[in-house]
Amino acid sequence: MAGSSVGTSGAPELRLGAFDHRDPPALDGLRACVHCGICLPQCPTYRVLGEEMDSPRGRVYLIRAAAEGRLSLTPTFTRHLDLCLGCRACESACPSGVPFGQLLEATRGQIERQASRPLGQRVWSRLLLSVFPSPRRLALLLGAARFYQRSGLQRLVRATRLLRPIRRLAALDALLPNTLPNRERTLPEMVPARGRRRGTVGLLVGCVQRLLFPRVNAESVRLLARAGYELLIPRNQGCCGAMHLHAGRIDEARSLASRLMAHFGREVDFVVTNAAGCGSAMRDYPHWLRGDPEVEAFSLKVRDIAELLAECELPLQRLDVTVTYHDACHLAHGQRVRSQPRQMLARIPGVTLVELADSELCCGSAGVYNLLQPEMADRLLTLKLECIAASGATVVATGNPGCILQIDRGCRARGLAVEVLHPVELLGRAVREEG
Ligand code: SF4
Ligand code: SF4
């Protein structure tokens with residue numbers, strides 16, 4: 001329950017049980033849980049471990065007990081919260097509207113500030129968070145990774161299993177795509193619409209997307225322009241703050257969000273993203289930057305690219321291929337976008353779209369979860385690969401760069417002859433340019 005203690009400044013500091021006053025998890029959100037258990041079968045970690053405390057209901061119970069002062073932020077508490085993927089499958093299932101994603105992010109912020117973690121874990125997670133959401137640092141890392149691959153060092157390391165004892169580094173090595181793109185493609189700041197004009201969109205180029213999958217951004221630009229959208233692509237737009245938010249670094253996420261929003265003026269009709277995690281975070285800005293109508297207006301303009309392209313009639317050529325679709329968690333659960341990517345793909349002549357069993361089960365990627373919790377991520381990836389193999393598809397389409405990396409890594413390791421693509425890449429193959 002709420003109480004007060006004396007803070008470092010000497011002023012009384014309001015506390016909510018074990019939580020401090022900075023963005024504590026909302027009590028009304030916690031109290032909304034009626035313990036029905038409907039969410040349990042949808043939770044990936046519960047499905048793998050079968051432990052109540054690794055289920056959404058168990059985690060809500062733990063957070064509420066801490067908020068009511070019945071529990072402190074012990075290593076056990078932290079472990080159950082760390083193991084959560086933040087996939088929000090529980091939110092889709094919950095009939096009471098428990099805002100699990102926001103509760104988790106707020107609790108992680110508290111853990112970040114108050115709980116102690118082993119040094120190695122702290123250093124690794126800080127390192128990942130300082131590299132992945134920073135295009136400059138990520139470019140440096142990828143430069144080193146290209147040298148590591150092309151010099152033959154990677155082959156040697158893998159042959160000698162040198163990284164085997166260092167599980168997290170081995171996970172990073174395994175995640176590297178076979179062919180890393182040479183460098184980021186610089187996109188123009190403005191691209192005119194072609195044909196009948198539909199409106200103006202601002203494109204978020206993302207951090208991982210722009211460096212690891214520049215072809216996804218290039219196809220996004222080409223297809224949106226061809227569909228009649230003028231594009232504004234602000235330089236130095238920065239990071240949306242999604243990874244910081246998921247890690248509970250809420251103040252950093254807030255300042256990144258404010259910087260990003262300043263780059264997209266009022267003249268755009270939509271802010272478009274092709275990365276599910278970014279879209280989900282941007283739609284959640286009003287929760288973390290409460291009371292600002294400008295933030296609300298920005299968030300209402302956010303669209304996943306599939307939402308726009310599914311409505312457009314593009315001239316399509318035939319592609320004879322069997323495709324299956326994996327629902328990225330932050331697209332399906334975070335943004336409730338499920339039908340549009342499927343519609344977009346099914347419309348391509350010659351494409352046979354087969355449903356993937358358990359398509360909404362997390363693949364284990366979850367931001368940098370696969371590098372922080374590689375064992376659980378591997379177990380979930382195995383479940384995903386079994387469904388992919390059973391689907392008979394030769395292409396898996398999914399709308400998030402993290403999922404592409406994770407599923408591609410699994411397919412390579414298992415020897416599955418399956419191509420893993422973003423839906424716009426597949427659509428781009430069907431929309432060829434004349435001449
Ligand atoms: S966010 Fe995902 S992993 Fe976490 S409790 Fe909900 S369903 Fe389970
Ligand atoms: S479905 Fe919702 S109300 Fe039911 S146990 Fe899960 S979180 Fe609580």
Side-chain angles (χ1 to χ4, degrees), residues 25-68 76-111 125 242-243 245-248 250 276-277 279-281 283-284 287 326-336 338 358-384 398 400 402-403 406:
L27 263 185
D28 50 355
L30 294 167
R31 287 179 182 145
C33 177
V34 294
H35 318 295
C36 65
I38 291 174
C39 53
L40 267 62
Q42 310 308 323
C43 173
T45 55
Y46 181 76
R47 276 177 62 170
V48 170
L49 300 172
E51 291 285 338
E52 176 69 18
M53 289 307 153
D54 291 311
S55 79
R57 183 173 63 186
R59 290 180 177 124
V60 169
Y61 176 85
L62 288 174
I63 301 170
R64 185 168 170 180
E68 291 176 348
T76 308
F77 177 92
T78 302
R79 187 161 39 81
H80 292 301
L81 271 296
D82 278 352
L83 213 53
C84 173
L85 295 134
C87 70
R88 295 169 64 179
C90 44
E91 270 185 44
S92 289
C94 178
S96 296
V98 173
F100 192 87
Q102 291 166 0
L103 295 173
L104 175 73
E105 285 159 4
T107 306
R108 285 199 168 147
Q110 299 285 335
I111 292 173
S125 86
M243 282 192 197
L245 209 51
H246 301 325
I250 293 164
S280 172
R283 289 191 209 239
D284 242 10
H287 175 78
H326 160 70
D327 285 277
C329 301
H330 285 93
L331 199 50
H333 308 301
Q335 303 183 66
R336 314 278 153 127
R338 295 178 169 93
D358 260 338
S359 73
E360 291 193 6
L361 182 75
C362 181
C363 63
S365 164
V368 287
Y369 183 95
N370 47 358
L371 301 176
L372 292 168
Q373 304 286 345
E375 289 89 358
M376 176 57 74
D378 276 0
R379 291 173 79 172
L380 292 169
L381 181 59
T382 303
L383 295 178
K384 185 59 64 182
T398 185
N400 195 50
C403 306
Q406 172 83 343

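Just so you know, residue 1 is the first one in the sequence shown, and it goes up from there. Since the structure is predicted, the reported quantities are computational estimates derived from the model, not experimental observations. For ligands, and for the atoms within them, numbers begin at 1 and follow the listed sequence.
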Numbered atoms and elements of ligand 1 in range of Arg88, under 4.0 angstrom, heavy atoms: 1 (S), 2 (Fe)

min-distance protein heavy atom vs atom 2 (Fe) of ligand 1 -> Cys87 SG, 2.3 Å

Enter the distance from Asp82:CG to Tyr369:OH here, rounded to the nearest 0.5 Å. 9.0 Å

Quick one: are Gln373 and Thr45 in side-chain contact, heavy atoms under 4.5 Å? no

Check each of His330, Arg88, Arg283 against Gln335 using the side chain to side chain donor-acceptor pair (under 3.5 Å) test, and report the only one that passes. Arg283

Give the numbers and elements of all ligand 1 atoms closer than 4.0 Å to a heavy atom of Leu85. 3 (S), 4 (Fe)

Heavy-atom contact check, 4.0 Å cutoff: does Gly37 meet ligand 2? yes

Check whether any side-chain heavy atom of Leu380 lies under 4.5 Å from a side-chain heavy atom of Arg47, and answer yes or no. no

Measure the spacing between OG of Ser125 and CG of Leu371 and express it to the nearest 0.5 Å. 11.0 Å

Using heavy atoms and a threshold below 4.0 Å, how should the contact between Glu91 and ligand 1 be classified: side chain, backbone, both, or neither? neither

When you compare the side chain of His246 with that of Glu105, does any pair of heavy atoms fall below 4.5 Å? yes

Do any heavy atoms of Val60 fall under 4.0 Å from ligand 2? no

I need the nearest protein heavy-atom contact for atom 4 (Fe) of ligand 1: residue, atom name and distance, please. Cys84 SG, 2.3 Å

What is the nearest protein non-hydrogen atom to atom 8 (Fe) of ligand 1, stated with its residue, atom name and distance? Cys43 SG, 2.3 Å

From Leu62 atom CG to Glu52 atom CD, the distance as rounded to the nearest 0.5 Å: 9.0 Å

Any idea which atoms of ligand 2 are less than 4.0 Å away from a heavy-atom of Pro95? 1 (S)

Residue Cys36, metal atom 4 (Fe) of ligand 2, N/O/S under 2.8 Å: yes

Roughly how far, to the nearest 0.5 Å, is CG of Asp327 from NE2 of His333? 7.0 Å

Any idea which part of Phe100 is under 4.0 Å from ligand 1, heavy-atom wise: side chain, backbone, both or neither? side chain

So, does Arg108 use its side chain to make a donor-acceptor pair with the main chain of Leu245 at under 3.5 Å? no

Could you identify the single nearest non-hydrogen protein atom to atom 5 (S) of ligand 1 and state the distance to 0.1 Å? Arg59 NH1, 3.1 Å

Closest to atom 3 (S) of ligand 2 among protein heavy atoms sits Val34 N, 3.3 Å

Tell me, please, if Cys90 has any N/O/S atom, main chain or side chain, under 2.8 Å from atom 6 (Fe) of ligand 1? yes

Ligand 2 atoms nearer than 4.0 angstrom to some heavy atom of Ser96 are 3 (S)

Which protein heavy atom lies closest to atom 6 (Fe) of ligand 2, and at what distance to 0.1 Å? Cys39 SG, 2.3 Å

When you measure from the side chain of Gln42 to the backbone of Ala93, do you find a donor-acceptor pair of N or O atoms at a distance under 3.5 Å? no

